[in-house]
There are 2 protein chains.
Amino acid sequence: MEQLSERKLKILQAIVANYLETGEPVGSRTISKYTDLNLSSATIRNEMADLEESGYIEQPHTSAGRIPTDAGYRVYVDQLMQERDNEVEEMRQEREGLLERVDRMEVMLKQVAKVLAYNTNYAAMIAAPKNQEIRVKFIQLTMVDDSHILAVIVVDGNVIKNQLIPVEEPLANDEVLKLSILMNSFLQGASLTDINIEMIQTMKVQAGVYADVLDRILSGVVEAVKAADERQIYTSGATNILKYPEIGDVEKTSILLEAFEEKQMLNELVEETLNSNEKGIQVYIGNEAPTQNMKDLSVVTATYELQDGAKGTIGIIGPKRMDYKKVVSTLKELTVELDEIFNKKD
Amino acid sequence: MEQLSERKLKILQAIVANYLETGEPVGSRTISKYTDLNLSSATIRNEMADLEESGYIEQPHTSAGRIPTDAGYRVYVDQLMQERDNEVEEMRQEREGLLERVDRMEVMLKQVAKVLAYNTNYAAMIAAPKNQEIRVKFIQLTMVDDSHILAVIVVDGNVIKNQLIPVEEPLANDEVLKLSILMNSFLQGASLTDINIEMIQTMKVQAGVYADVLDRILSGVVEAVKAADERQIYTSGATNILKYPEIGDVEKTSILLEAFEEKQMLNELVEETLNSNEKGIQVYIGNEAPTQNMKDLSVVTATYELQDGAKGTIGIIGPKRMDYKKVVSTLKELTVELDEIFNKKD
DNA sequence: GTTAGCACTCAGAATAAATGAGTGCTAATA
DNA sequence: TATTAGCACTCATTTATTCTGAGTGCTAAC
């Protein structure tokens, strides 16, 4: 795309800004009055014709105003967006209270998603941070009542899983201790790939009569590691999508909301975000998004990082006609906050 | 409401059944052909006029067919519904595979909700079973690394909570053991109301230098008990609501879906269901539901019970024009299955 | 008690006309 | 050469109008 003149840029910006506000195609007359360029609508029309030829704006139909194309949004996002405004600052203060003193990661992430959705009026998602390769840190066994052993499995990133294992008859304390020592000596520091059939065999032999109990605990361990390995994604405000009728018919919206419920789509999105080398905020406009069904939507994502290198993603999903300014600065703020919170406590 | 003649009942049944199928007002001619009564449309019309006067059916407008009123649905549900059909049996078999071998309650309940929503095409919810008064069963403390104590708290119903407590410096093994014994001796069997300020004081004194660690664990315990006390509700298929356009405009649907996301409304519903003395399946038609915003919806709920008396609720939320037959028998089946599964393992 | 017949009603579909926002182009102007 | 006023033209949307047909209630005959 060729270089745009200062004036064309200003006009483009005005078009996009106005369209974001109203959702209606923007006419030349509006621009003529709206901007401080002091140009007549006719002049604007000429410029708009050029912009259209260059592919930054388009007409939904002959006698309508112009709306931005994906390329137009792109220029707007890349070059024309101003830094944060007061509104965002206000919201930051609102958030303050909400985010403090929540000390369980899950609760906190859910909360963040909620706040984000509420603040922006778009759909929000947040993916929990995940380490590269999960290792077992620690296993603890206890008889919790006469017929159940409780296995507490701690893996990297202090993700903790409990597994209740039914047994026919109670084990004596020292038996439990033995089993516990056995498992820890083999499994501490092991990742999923380390736990091979040979290791399992050896352990079983050493466990003697408790081989099957061990077996069940082991499958618990595997499950725990897998679960820690599975990226948790929390969402909120999916229904906000309904607020933007331009997304299309009920059919489409329905598919989208279902996708949101299933989270499969979001997973892809998160992976893509993390894999891309870009740091910080990423904006996907319409078809730029790495997933299907996003034609009429935009996605803004941000990456945050824990001290140990585990990374997570926050994202906003909304109509292409999204208040990018607000969303981007909100996300920026939020990642900073998240970084602070996590790296303070962790 | 007066007693209806056999024939009127048959006609009412035909109207409801037909309306459930098509969603369109049902005319006299349709009934005349649809049923095996061998009556002309004119006769049907006379009967329909009577039924309308009695308040079982109504006309959306003068020249339209009839649709059932809430009272009409009620009669249908109470008297006219036949027992389970083949379709349901098929689904039961489908479910078989899905439900076996899931051994964590949460995962399982989520799964049930999903399957239910998928099977019925309505929105499904399931509330986890809850005991009357939660008591602490067991607390276990471990140093998980140099700066964290892991507290595993087991409460009634084998609900397990983990709490990671940061400490300035590592505690020796026997210190941890001491703390552990201290806490267990005080807290085992205690419910939330039992943990009073006096008990806390005594414990703190005995904990000596570790008073503040104990304090933090205690707040973990309280949180755990509270969390176990809080009824978890899982939902699925909320977006199915979008499939039934008669629910109303986007506005209404949106409110409803939001309510679903928030779950507050569902909570009320569950409480109501459990408090009502009725056993088994309950059907709320339209305004009968104990919550707001349900004018155009029906709710079918079922209660299931664990061996220890903890009760949970499964529910289906859909349009008034719901396939009650299918829903009721599906729920019936499902409660039986749930009872089996839970009471086998528990 | 049941039914055929008929006039009547009325929501929704189909069609037509009116509106107006916005355009592109041309010719005049600075 | 860049800007602007003016004007004819386009077309989505709105509003008004007519058409259609499913369904009714009532009456009179069976």
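Labels below follow one simple rule: chain letters A, B, ... track the order of the sequence lines, proteins then strands, and each chain is numbered from 1. None of these values were measured; they are calculated from a predicted model.
Atom-to-atom, CD of Glu47(A) to P of dG24(C) comes out at 13 Å; the value is rounded to the nearest Å. One interatomic measurement links the two molecules: CG of Leu37(A) to P of dT3(D), which rounds to 11 Å at whole-angstrom precision. Between the CD1 atom of Ile44(A) and the P atom of dA5(D) there is a distance of 12 Å, rounded to whole Å. Protein atom CD1 of Ile11(B) is 13 Å distant from nucleotide atom C1' of dT2(C), rounded to whole Å. Regarding Ile57(A), its CD1 atom lies at a distance of 13 Å from the P atom of dG22(C), rounded to whole Å. The interatomic distance linking Glu53(B) (CD) with dG25(D) (P) rounds to 11 Å, in whole Å. The CG-P distance, from Asn18(B) to dG23(D), rounds to 10 Å in whole Å.
Under the 3.5 Å distance criterion, with hydrogens and angles disregarded, no donor-acceptor pair is assigned to the side chains of Thr273(A) and Gln282(A).
Asp50(B) has a carboxylate O that lies under 4.0 Å from a charged side-chain N of Lys8(B), or vice versa, which qualifies the two as a salt bridge.
Side-chain contact between Val75(A) and Leu9(A) is present, with at least one heavy-atom pair separated by less than 4.5 Å.
Listed by first then second residue, pairs satisfying ring-ring contact (aromatic ring centres under 6.0 Å, His included) with a partner in residues 313-332 of chain A read Tyr73(A)-Tyr324(A), not counting sequence neighbours.
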* Asked: Where do Ser28(A) and Arg45(A) land on the side chain to side chain donor-acceptor pair (under 3.5 Å) test, with the steps shown first?
  -> CA-CA 6 Å; Ser28(A) 54; Arg45(A) 275 203 289 284; 3.2 Å; yes
* If a protein heavy atom is under 4.0 Å from the base, mark B; if only from the sugar-phosphate, S; if neither, -; do that for nucleotides 3-21 of chain C going 5' to 3'. => BBB---BBS---------B
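For the OP1/OP2 pair of dA22(D) and a distance below 4.0 Å, the side-chain nitrogens and oxygens of Arg66(B) include no atom meeting the criterion.
Distance alone, capped at 3.5 Å, places no donor-acceptor pair between the Ser298(A) side chain and the Gly318(A) backbone.
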